[in-house]
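Only one structure is covered here, and it is reproduced in the block below.
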Amino acid sequence: MSEAPTAPATPAKLVTAPEISIVIPVYNESANLPLLFERLTAVVDKMGRKTEIVFTDDGSKDNSLALLKSFVEKRPDIIRVVEFDRNYGQHMAVMAGFDTARGDIIVTLDADLQNPPEEIPKLVAEMDAGHDVVGSYRRNRQDSVFRTLPSRIINMIRERITGIKMRDQGCMLRAYRRNIVRIIVDSGETSTFIPAMAQFYAERPSEVEVEHAARHAGVSNYNLYKLIRLNFDLMTGFSLVPLQLFTMVGMAVSGASLILVIYMVLRRLIIGPEVEGIFTLFAILFFLLGVVITGLGIVGEYVGRIYQQVRARARFRIRTIHEKN
Ligand code: UDP
Ligand code: MG
């Protein structure tokens with residue numbers, strides 16, 4: 001009597017670390033998750049490489065978490081879900097995914113289907129070619145001009161101030177080598193911009209062109225305030241130029257005012273006092289104002305440095321990790 005091969009009750013568990021981890025932050029995306037799951041698993045299965053998908057539920061208020069948990073049940077072989085205790089923002093959600101990911105290549109992706117999952121193999125191929133960070137730029141960005149114009153301007157300022165070159169800072173469809181991801185996680189930074197940090201540490205960066213779709217459902221989680229905050233993180237998190245500029249402006253004002261003071265003194269000695277001496281007073285006032293601004297700038301510089309050191313607080317709290325392998 002020969003033994004009939006029995007199908008395993010659950011799909012094969014991951015015994016060894018996966019080769020590729022796909023990290024996806026999720027905040028109120030229940031309308032997008034089912035389609036994302038379908039398209040993503042199709043891509044992963046077609047790639048035929050050992051892959052895991054790590055979703056982070058960033059304190060969603062809709063039933064995103066329930067959906068994600070059902071995905072773990074459906075595909076326990078590839079899906080893991082990190083559950084936050086509350087909302088910590090997109091970059092912290094990605095950070096937690098990074099910390100949990102076990103793959104050598106780590107791909108990030110948005111949950112709203114603006115980044116087509118079908119582009120993942122293209123990024124992986126570029127990583128296989130030996131790059132340690134593969135960024136992407138959107139072929140024809142599907143966002144309103146109110147979203148594209150500010151990001152164009154900000155891209156320019158950011159490049160000038162931080163010296164970090166990225167064609168499209170807003171596109172989160174990116175791939176990173178494990179060592180780069182570890183540097184980012186171990187940095188312990190709270191307010192950071194992950195693509196910029198990766199670009200900073202990359203030795204062999206590359207960029208590929210990807211498709212970009214309009215949001216499948218729902219509206220962007222970013223409003224103008226959040227966007228400005230994010231870009232402040234980007235500027236002050238990567239450079240002290242804003243503070244230094246402030247100091248330099250103060251110094252320039254002091255210098256110019258000093259010249260005015262000297263001129264007024266000489267004028268008073270040679271020609272005599274001007275009407276009521278009011279402009280001498282102004283000159284002295286401007287000079288002192290310049291000194292005050294310089295002082296503020298210097299203090300600010302120290303505060304900035306101390307701030308950079310002190311930010312060692314817990315960045316996020318993971319409630320549980322739902323996984324079956
Ligand atoms: N996201 C998140 N936490 C947040 C805001 C957003 O995890 O507090 C996720 C969101 O679910 C999506 C990605 O980050 O997967 C990008 O967010 P969104 O589409 O709102 O931003 P946009 O595409 O407008 O930049
Ligand atoms: Mg989006």
Side-chain angles (χ1 to χ4, degrees), residues 21-37 39-40 53-68 71 79-101 106-117 119-120 135-155 158 166 168-174 190-196 210-234 315-319:
S21 297
I22 300 169
V23 168
I24 306 174
V26 174
Y27 181 60
N28 298 343
E29 301 281 7
S30 58
N32 298 315
L33 286 175
L35 185 58
L36 175 71
F37 173 76
R39 285 172 59 182
L40 196 58
I53 303 168
V54 181
F55 289 101
T56 304
D57 175 63
D58 189 13
S60 296
K61 291 174 184 71
D62 62 358
N63 67 334
S64 293
L65 181 62
L67 277 170
L68 292 174
F71 297 164
I79 299 205
R80 306 167 72 202
V81 173
V82 176
E83 183 187 337
F84 273 177
D85 60 345
R86 63 177 178 84
N87 180 258
Y88 290 95
Q90 181 186 356
H91 286 263
M92 284 308 111
V94 171
M95 194 71 88
F98 274 2
D99 201 19
T100 313
I106 292 142
V107 178
T108 58
L109 182 76
D110 282 349
D112 58 3
L113 292 164
Q114 286 198 277
N115 311 131
E119 299 278 17
I120 294 174
S136 63
Y137 49 93
R138 296 166 275 195
R139 185 168 295 140
N140 40 23
R141 193 173 163 187
Q142 299 291 318
D143 279 317
S144 72
V145 69
F146 297 105
R147 199 70 175 69
T148 51
L149 189 67
S151 68
R152 254 234 190 78
I153 297 166
I154 283 161
N155 240 333
R158 190 250 318 138
M166 255 190 298
D168 187 355
Q169 67 176 36
C171 190
M172 286 302 279
L173 182 56
R174 286 164 191 276
T190 319
S191 306
T192 194
F193 196 82
I194 288 165
V210 294
E211 285 296 338
H212 187 243
R215 210 173 209 288
H216 173 64
V219 290
S220 170
N221 289 303
Y222 280 97
N223 51 33
L224 189 62
Y225 172 70
K226 269 196 182 177
L227 220 56
I228 291 171
R229 279 265 314 274
L230 189 69
N231 281 285
F232 256 86
D233 285 349
L234 194 46
R315 295 177 287 181
F316 47 77
R317 243 177 67 205
I318 294 173
R319 193 177 277 151

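Both ligands and their constituent atoms are indexed starting at 1 by order of listing.
At distances below 3.5 Å, at least one donor-acceptor pair connects side-chain atoms of Ser136 with backbone N or O atoms of Leu173. Judged by distance alone, the side chain of Asp112 and the main-chain N or O of Gln114 form a donor-acceptor pair under 3.5 Å. For the pair Arg174 (side chain) and Ile194 (backbone), a donor-acceptor distance under 3.5 Å is absent. Judged by distance alone, with hydrogens and angles left aside, the side-chain atoms of Asn28 form a donor-acceptor pair with the main-chain N or O of Lys61 at under 3.5 Å. Without hydrogens or angle criteria, Asn87 side chain to Gly59 main chain gives no donor-acceptor distance under 3.5 Å. For Ser64 (side chain) and Tyr27 (main-chain N/O), no donor-acceptor pair under 3.5 Å exists by modelled atom type.
Put simply, the side chain of Pro195 reaches to within 4.5 Å of the side chain of Met172, judged on heavy atoms. Ile106 has its side chain within reach of Val23: a pair of non-hydrogen atoms, C-beta onward, lies under 4.5 Å apart. Counting heavy atoms from C-beta on, the side chains of Pro25 and Met95 never come closer than 4.5 Å. Between Leu40 and Leu109 there is a side-chain heavy-atom pair separated by less than 4.5 Å.
Taking atom 23 (O) of ligand 1 as the reference point, the nearest protein heavy-atom neighbour is Gln114 OE1, 2.8 Å. The single protein non-hydrogen atom nearest to atom 19 (O) of ligand 1 is Asp112 OD2, 2.6 Å, given as residue, atom name and distance. Scanning the protein heavy atoms around atom 11 (O) of ligand 1, the nearest turns out to be Glu29 OE2, 2.7 Å. Nearest to atom 14 (O) of ligand 1 among the protein's heavy atoms is Gln90 CG, 3.2 Å. In terms of protein heavy-atom proximity, atom 3 (N) of ligand 1 is closest to Asp58 OD2, 2.6 Å. Looking only at protein heavy atoms, the nearest one to atom 1 (N) of ligand 1 is Tyr27 CB, 3.7 Å. The protein heavy-atom contact nearest to atom 20 (O) of ligand 1 is Asn221 N, 2.6 Å. Annotation: atom 21 (O) of ligand 1 to nearest protein heavy atom, Tyr222 CD1, 3.2 Å.
Considering both main-chain and side-chain atoms, Ala111 comes within under 3.5 Å of ligand 1 through a nitrogen or oxygen pair. Taking any N or O of Pro25, backbone or side chain, at least one lies under 3.5 Å from an N or O belonging to ligand 1.
Around the Mg ion (ligand 2), protein N, O or S atoms at less than 2.8 Å number 2.
Within 6.0 Å of CZ in Arg139 there are more than 12 heavy atoms belonging to other residues, nucleotides or ligands.
Close approach of ligand 1 to Val26 (heavy-atom distance below 4.0 Å) involves ligand atoms 7 (O), 11 (O). For ligand 1, the atoms closer than 4.0 angstrom to any heavy atom of Arg215 are 18 (P), 19 (O), 20 (O). Near Asn87, with a cut-off below 4.0 Å to any heavy atom, the atoms of ligand 1 are 3 (N), 4 (C), 8 (O).
Among Val94, Asp110, Thr108, Thr56, the residue whose heavy atom lies nearest to atom 16 (C) of ligand 1 is Asp110.
The shortest separation from a heavy atom of Met92 to ligand 1 is not under 4.0 Å, leaving the residue out of contact.
Residues that satisfy the side-chain contact (heavy atoms from CB on, under 4.5 Å) test with Pro116, not counting sequence neighbours, are Arg39, Glu118, Glu119, Glu211.
Asp58 and Thr56 share no donor-acceptor pair across their side chains, judged by distance under 3.5 Å alone.
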